[in-house]
Amino acid sequence: RIFFFFLWLKFGFIFNAVILVLQVTGAGSGLGREIAIELAKRGCKLAIVDVHSKGCYETVDLITKTMPRCVAKAYKTDVSSPRELQLMAVKVEKELGPVEILVNNASLMPMTSTPQLKSDEIERIITVNLGSYIMTTKEFLPKMVARKSGHVVAVAALSGLVPLPGAGIYSATKYGIMGFMESLRAELRLSDSDYVRTTTANTYLMKTSGDLHLLNDAGISSSYPGLPTVYVAEKIVKGVMLNHRMVYVPKIFALSVWILRLLPTKWQDYMLLKFYNFDVRSAHLFYWK
Ligand SMILES: NC(=O)c1ccc[n+]([C@@H]2O[C@H](COP(=O)([O-])OP(=O)(O)OC[C@H]3O[C@@H](n4cnc5c(N)ncnc54)[C@H](O)[C@@H]3O)[C@@H](O)[C@H]2O)c1
């Protein structure tokens, strides 16, 4: 069994090539692009979805030039618009076939504190980061259940497990993803539909296009540099292939988070501020006064 399992891990893409259609939101750059490349290597047909058409086409070019036999198509879509989502879903299924793996990854990452955000900015972050994950799932999941196969993947963050002072709205959406995905998993299980799998990926800071000035100000990115997206994508895709419910990158964070939760509140705060290495003077960035 172990032998066949490793054989499948190594060569499983040959079988997947025939059946899997994958849709990655926010695949025009950063982690989404790397996840798409990683899954292309395993033979998936890809629907590259992003609000920026330039990024979409760049990802498609990158994949088709390095892997000429791979099928990848760009779908410029604003995932915060239910209408655009529905149109894109119809187009993807018509052109590529039924979606087997849905990867929700698109996100806005303003490391800006709540008092400094306008109401419409807050609404937009919540709609893109959380609303779109729910709406895409609502669009594709019923068909997965009807076909009795599929996989819903959500990219969350470690700031969905521990608070990120100074980025409360971003952190709230990531906690929200966790709640949604965990409920979804339980709902599928309770309705005997757990042949559709779910994976939530919680990753630490990465070297991408995110607006990370607040973390730089707080000294966090110099103390704990970001991870390369290629490494994170590899870990996530491996977790998806193994049907893992949760993927933590790096793994050690899972342990630290659960230990932190067992501590009294005062100790939690102490550890958190020690970790973020906040200079009290830079904390004015997120003061509510
Ligand atoms: N960068 C980090 O340090 C970090 C850490 C933990 C988790 N994450 C999470 O990883 C995921 C990817 O992050 P990233 O660093 O690659 O981000 P990124 O900014 O490089 O990429 C996000 C992509 O989403 C797209 N996008 C934004 N709004 C959209 C919309 N309305 N419709 C369609 N596409 C839209 C953008 O165009 C962009 O291509 C996000 O969910 C993020 O929250 C990032």
Side-chain angles (χ1 to χ4, degrees), residues 23-38 47-60 62 74-85 87-89 92 102-111 121 123-136 139 153-164 166-167 169-178 180-181 199-216 218 220-221 224-233 235-237 246-250 253 257:
Q23 183 194 293
V24 189
T25 70
S29 67
L31 180 66
R33 174 175 287 173
E34 293 303 334
I35 292 178
I37 294 173
E38 197 56 42
I48 305 296
V49 178
D50 203 291
V51 70
H52 294 119
S53 55
K54 187 170 170 273
C56 266
Y57 284 103
E58 276 173 9
T59 305
V60 169
L62 211 69
Y75 296 87
K76 181 194 172 295
T77 310
D78 179 352
V79 293
S80 67
S81 154
R83 174 96 189 113
E84 282 194 35
L85 264 183
L87 291 174
M88 176 268 293
V92 168
L102 165 67
V103 182
N104 276 312
N105 161 82
S107 151
L108 298 171
M109 285 189 289
M111 296 294 146
E121 289 172 327
E123 202 179 323
R124 174 113 188 111
I125 300 165
I126 295 173
T127 314
V128 173
N129 292 17
L130 179 60
S132 80
Y133 281 44
I134 298 170
M135 296 313 278
T136 47
E139 197 56 47
V153 183
V155 177
L158 284 166
S159 51
L161 300 168
V162 286
L164 181 53
I169 303 300
Y170 175 74
S171 197
T173 60
K174 295 298 177 185
Y175 270 79
I177 290 170
M178 190 62 117
F180 174 66
M181 290 299 286
T199 300
T200 311
N202 297 294
T203 163
Y204 175 66
L205 194 68
M206 288 175 291
K207 295 169 182 159
T208 56
S209 58
D211 170 13
L212 303 173
H213 71 87
L214 190 105
L215 296 181
N216 288 329
I220 182 171
S221 30
Y224 309 92
L227 299 168
T229 42
V230 181
Y231 171 79
V232 177
K235 296 283 172 200
I236 294 177
V237 169
M246 291 286 163
V247 175
Y248 298 95
V249 194
F253 272 88
V257 166

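Nothing here was measured: the structure is a model prediction, and the numbers come from that model. Read the numbers this way: they start at 1 and go in the same order the structure lists the ligands and their atoms.
Heavy-atom separations between Arg33 and ligand 1 are all 4.0 Å or longer.
With a heavy-atom cut-off of 4.0 Å, Tyr204 touches ligand 1 through its backbone alone. Residue contacts with ligand 1, taken as heavy atom pairs separated by less than 4.0 Å, involve Ala156 solely via the backbone atoms N, CA, C and O. With a heavy-atom cut-off of 4.0 Å, Asp50 touches ligand 1 through backbone and side chain alike. Contacts with ligand 1 closer than 4.0 Å are made by side-chain heavy atoms of Arg124 only, the backbone lying farther away. Residue contacts with ligand 1, taken as heavy atom pairs separated by less than 4.0 Å, do not involve Tyr75 at all. Contact annotation: for Leu158 versus ligand 1, there are no heavy atoms closer than 4.0 Å.
Ser132 contributes no side-chain N or O that, together with a main-chain N or O of Asn129, makes up a donor-acceptor pair within less than 3.5 Å. Of the possible donor and acceptor atoms, one in the side chain of Ser171 sits under 3.5 Å from a partner among the backbone N and O of Ser159. Under a 3.5 Å cut-off, the side chain of Tyr248 and the backbone N or O of Leu158 do not form any donor-acceptor pair. Here the side chain of Lys76 pairs no donor or acceptor atom with the backbone of Lys54 at under 3.5 angstrom.
The CG atom of Leu227 sits 5.5 Å away from atom OG1 of Thr203, with the distance rounded to the nearest 0.5 Å. Note that SG of Cys56 and CG of Asp50 are 5.0 Å apart. Values are rounded to the nearest 0.5 Å. Thr229 contributes atom OG1, which lies 9.5 Å from atom CD1 of Ile35 (distance to the nearest 0.5 angstrom). Summarising the geometry, atom CG belonging to Asn105 is positioned 11.0 Å from atom CD belonging to Glu34; distances are rounded to the nearest 0.5 Å. For the atom pair Leu164 CG and Lys174 NZ, the distance stands at 11.5 Å (nearest 0.5 Å).
Between Tyr204 and Phe253, a ring centre-to-centre spacing shorter than 6.0 Å is recorded.
Atoms of ligand 1 found under 4.0 Å from any heavy atom of Val155 (numbered from 1 in listed order, with element): 9 (C), 10 (O), 11 (C), 41 (O). Within ligand 1, the atoms closer than 4.0 Å to a non-hydrogen atom of Asp78 are 30 (C), 31 (N), 32 (N), numbered from 1 in the order shown. Counting atoms of ligand 1 from 1 in the listed order, those under 4.0 Å from a heavy atom of Lys174 are 40 (C), 41 (O), 42 (C), 43 (O). Below 4.0 Å from some heavy atom of Leu31 lie the following atoms of ligand 1, by number and element: 10 (O), 12 (C), 16 (O). Remark: ligand 1 atoms within the under-4.0 Å shell around heavy atoms of Thr77 are 32 (N), 33 (C). Here is the list of ligand 1 atoms found below 4.0 Å of a heavy atom in Val128: 28 (N), 31 (N). Shown in contact with Ser29 at under 4.0 Å from a heavy atom are these atoms of ligand 1, numbered in order with element: 18 (P), 20 (O), 21 (O), 38 (C), 39 (O). For ligand 1, the atoms sitting less than 4.0 Å from at least one non-hydrogen atom of Tyr133 are 41 (O), numbered in the order shown with element in parentheses.
Among Glu58, Met109, Lys76, Glu34, the residue whose heavy atom lies closest to atom 17 (O) of ligand 1 is Met109. Across the listed options Ser159, Gly226, Ser107, Gly30, Ser107 owns the non-hydrogen atom lying nearest to atom 22 (C) of ligand 1. The nearest non-hydrogen atom to atom 29 (C) of ligand 1, considering only Ile236, Val51, Leu205, comes from Val51.
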After noting the C-alpha distance and the side-chain angles of Asn202 and Val257, does the key distance pass the side chain to side chain contact (heavy atoms under 4.5 Å, CB included) rule?
-> CA-CA 11 Å; Asn202 297 294; Val257 166; over 6 Å; no
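Residue Met206 has at least one nitrogen or oxygen atom sitting less than 3.5 Å from a nitrogen or oxygen atom of ligand 1, judged on distance alone. Of the polar atoms of Ala106, none of the N or O atoms is found under 3.5 Å from an N or O of ligand 1, judged by distance alone. Below 3.5 Å of separation, one finds an N or O of Val79 facing an N or O of ligand 1.
In terms of the side chain to side chain contact (heavy atoms under 4.5 Å, CB included) criterion, residue partners of Pro163 (sequence neighbours excluded) are, by chain and number, Tyr175, Leu272.
The 12-atom threshold is not exceeded at CD of Glu123, counting heavy atoms of other residues, nucleotides or ligands nearer than 6.0 Å.
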